[in-house]
Protein chains: 2
Amino acid sequence: MTGTGSGPRDRTRTAQPRRGRADKATAIVQAACQVFGRDGYSRAGIDAIAAQAGVSTRTIYNHFPGGKAELFRSVMRWSSERVRDEQLAQLRRYLDLERPPHPADLERDLLALARAWVGLMTDFRDHFALVRHIYAEAGHIPADVLDAWQETGPRAVGGEVTSTMAALDELGLIDVHGDPAQATVHFMALISAEITQRSYWGVSPLPQEEADRLTAAGVRVFLRAYGSAG
Amino acid sequence: MTGTGSGPRDRTRTAQPRRGRADKATAIVQAACQVFGRDGYSRAGIDAIAAQAGVSTRTIYNHFPGGKAELFRSVMRWSSERVRDEQLAQLRRYLDLERPPHPADLERDLLALARAWVGLMTDFRDHFALVRHIYAEAGHIPADVLDAWQETGPRAVGGEVTSTMAALDELGLIDVHGDPAQATVHFMALISAEITQRSYWGVSPLPQEEADRLTAAGVRVFLRAYGSAG
DNA sequence: TCACTTTTGCAACGCTCGTTGTATGTTACC
DNA sequence: GGTAACATACAACGAGCGTTGCAAAAGTGA
């Protein structure tokens with residue numbers, strides 16, 4: 001059927017809605033984030049990404065001459081920077097060290113931060129799905145790409161949280177037992193562990209109130225272990 | 001070289017070492033566990049699995065008529081049962097509820113269990129790599145297969161640990177604050193969170209002493225939060 | 001030694017998919 | 001309005017891979 005030999009003649013079909021031209025790149029990256037997050041690198045097809053972006057296959061190669069690999073790298077950078085900025089914004093919003101919280105308000109603020117972060121898991125579901133694929137396929141991603149991603153993404157956020165933990169320790173609001181970095185990891189683990197487990201790592205999301213309950217429990221446990229009285 | 005047209009004539013090559021015949025099936029599953037864990041479902045090739053198992057491609061299809069999909073399901077079952085049995089064995093070894101620990105020995109026993117479990121992560125590296133792929137590709141695995149896996153694997157272990165937590169609570173050794181399942185999740189998260197993070201989810205393993213230190217820290221934090229005094 | 005099962009090598013099919021070239025159509029800018 | 005940059009449709013190539021059939025070879029057991 002492909003060889004009817006009709007040639008480029010019957011191009012009568014009246015143009016799909018053509019938009020701008022520079023934002024195509026971001027549309028492609030955004031669509032690629034969805035498809036890579038859903039299917040992973042190997043399973044994800046260029047055609048699927050093109051369809052999702054409302055763009056022709058050829059356009060992808062025009063914007064990303066490196067093909068699938070370059071596109072994936074771009075998605076990693078774009079998505080992790082976006083989420084990192086959002087996470088840091090929430091951190092500064094709920095734990096502004098210029099105006100440290102009253103001891104009585106510490107749990108409230110930590111809980112607000114935790115809820116905001118857990119909310120980001122559903123707001124940026126594609127991103128976290130992509131992250132799962134990244135860790136699963138870490139052995140097939142060039143080391144420098146992996147390192148650069150870790151540096152600008154998770155490690156940047158972790159560093160900021162660690163600074164915050166250290167500051168809270170200085171203020172006597174918590175007791176990090178000499179290791180603010182460890183307190184950071186434990187905090188993040190406690191607020192997300194049960195949710196990620198119960199929701200199949202985000203595959204089947206939990207009702208809001210249930211997620212809130214589990215988050216609050218994590219914060220309480222953190223404070224039992226790291227509260228200044230503990 | 002394959003297309004010399006010589007036909008099946010020059011079969012002079014003197015037979016590779018032929019072994020038994022029934023254990024080929026387990027050899028295939030074991031090899032498939034390695035390859036699936038390393039490469040994931042899509043990337044893993046039947047040829048690679050056959051080579052790893054020291055078996056011809058055709059033999060795989062003789063043992064698993066369902067092809068790649070059936071083989072993957074068999075690997076999921078086989079691997080998770082193996083690890084589950086090992087985890088349960090360690091649990092009963094270090095926390096035998098027939099002979100509950102002295103309060104003074106609780107931390108020692110919890111730490112021993114935690115270290116044993118963390119050790120399994122390296123002993124069964126292929127399995128945990130496979131698990132990462134399972135979670136990343138959960139959307140592409142039939143729901144019943146996923147559920148059956150969860151049931152016989154993680155949930156079985158979690159249930160046993162939860163029973164243990166409840167029993168320790170009854171004995172006044174810890175205080176689960178009314179939710180032993182939550183204590184279980186938090187325990188597992190705390191003992192493994194920093195290790196999985198620092199070791200790139202197991203891609204670049206940590207030195208033994210470092211892993212021990214982080215595990216011990218996790219256990220201490222757990223006891224600060226869930227100790228009967230807390 | 002002789003049937004019978006299992007394993008193997010090999011070729012081939014069919015399909016998917018990444019990638020590229022090219023001619024045509026469309027949009028933006030001056 | 002004309003020109004240059006950008007997008008699209010289409011076709012095609014090539015490689016990889018899952019899968020199957022088949023006949024030779026090797027092991028197994030009486």
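We name chains A, B, ... by the order of the sequence lines, and we start the count at 1 in each one. The figures here come from the full heavy-atom set of this structure, side chains too, leaving out hydrogens, waters and symmetry mates.
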Under 3.5 Å, N/O pairs linking protein and nucleotides 14-16 of chain C:
none

Is the gap between the ring centers of Y135(A) and W149(A) under 6.0 Å?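 Yes.
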Aromatic contact between F124(A) and W78(A), with the criterion being ring centroids under 6.0 Å apart: yes or no?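 Judged by ring-centre distance (under 6.0 Å), F124(A) and W78(A) do not meet the cut-off.
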Fit a plane to each ring of F222(A) and F187(A), take the angle between them on a 0 to 90° scale, and name the class: parallel (under 30°), tilted (30 to 60°) or perpendicular (over 60°).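 Taking F187(A) first and then F222(A), their aromatic rings stand perpendicular (interplane angle over 60°).
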Could you label the plane-to-plane angle of the F36(A) and Y41(A) rings as parallel, tilted or perpendicular, counting under 30° as parallel and over 60° as perpendicular?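 Judged by the thresholds at 30° and 60°, the geometry between F36(A) and Y41(A) is parallel.
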For [X] and [N], give me the distance from atom [atom1] to atom [atom2], rounded to whole Å.
| X | N | atom1 | atom2 | answer |
| --- | --- | --- | --- | --- |
| K68(A) | dT20(C) | NZ | P | 14 Å |
| I46(A) | dC17(C) | CD1 | P | 11 Å |
| Y41(B) | dC17(D) | OH | C1' | 12 Å |
| I60(A) | dT20(C) | CD1 | C1' | 14 Å |
| F64(A) | dT19(C) | CZ | C1' | 16 Å |
| I28(A) | dG18(C) | CD1 | P | 15 Å |
| D47(A) | dG18(C) | CG | P | 7 Å |
| Y61(B) | dG21(D) | OH | C1' | 14 Å |

Is the side chain of R73(B) donor-acceptor paired with the backbone N or O of V145(B) at a distance under 3.5 Å, no angle test?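 Not confirmed, R73(B) side chain does not pair with V145(B) backbone.
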Polar side-chain atom of T122(A) near backbone of V118(A) as donor-acceptor pair, under 3.5 Å: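 Answer holds: no.
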Could you check which of [options] has an atom nearest any side-chain atom of [X]?
| X | options | value |
| --- | --- | --- |
| N62(B) | dT7(C), dT19(C), dA7(D) | dT7(C) |
| R58(A) | dT19(D), dT22(C), dT19(C) | dT22(C) |
| S56(A) | dT19(D), dT19(C), dT8(D) | dT8(D) |
| T59(B) | dT20(D), dT7(C), dT19(C) | dT7(C) |

Side-chain donor-acceptor pair present, R115(B), T215(B), cut-off under 3.5 Å: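 On atom types as modelled, these side chains do not qualify, holding no pair under 3.5 Å.
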With sequence neighbours excluded, residues passing salt bridge (Lys or Arg N to Asp or Glu O under 4.0 Å) with R38(A):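 With sequence neighbours excluded, R38(A) shows a salt bridge (Lys or Arg N to Asp or Glu O under 4.0 Å) to no residue whatsoever.
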What's the spacing between K24(A) NZ and I60(A) CD1 if we round to 0.5 Å?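 Atom-to-atom, K24(A):NZ and I60(A):CD1 are 11.0 Å apart.
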When all nucleic acid strands are considered with a 4.0 Å heavy-atom cut-off, which category describes A69(B): base, sugar-phosphate, or nothing?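 Touches nothing.
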Considering every strand and a 4.0 Å limit on heavy-atom distances, what is the contact class for A50(A): base, sugar-phosphate, or nothing?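 Answer is nothing: A50(A) stays at 4.0 Å or more from every strand.
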Using OP1 and OP2 only, check whether a side-chain N or O of K24(B) sits under 4.0 Å from dA26(D).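 Result: no.
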Using a cut-off of strictly less than 4.0 Å, decide whether H63(A) has a side-chain nitrogen or oxygen near OP1 or OP2 of dC6(D).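 No, H63(A) has no side-chain N/O under 4.0 Å of OP1/OP2 on dC6(D).
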Using five base pairs at each end, measure the axis-to-axis angle across the helix from dT1(C)-dA30(D) to dC30(C)-dG1(D) and round it to 10 degrees.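 Computed angle between terminal axes is 30°.
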Could you tell me whether R198(A) and E210(A) make a salt bridge, using a distance below 4.0 angstrom between a side-chain N and a carboxylate O?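 Yes, R198(A) and E210(A) are salt-bridged.
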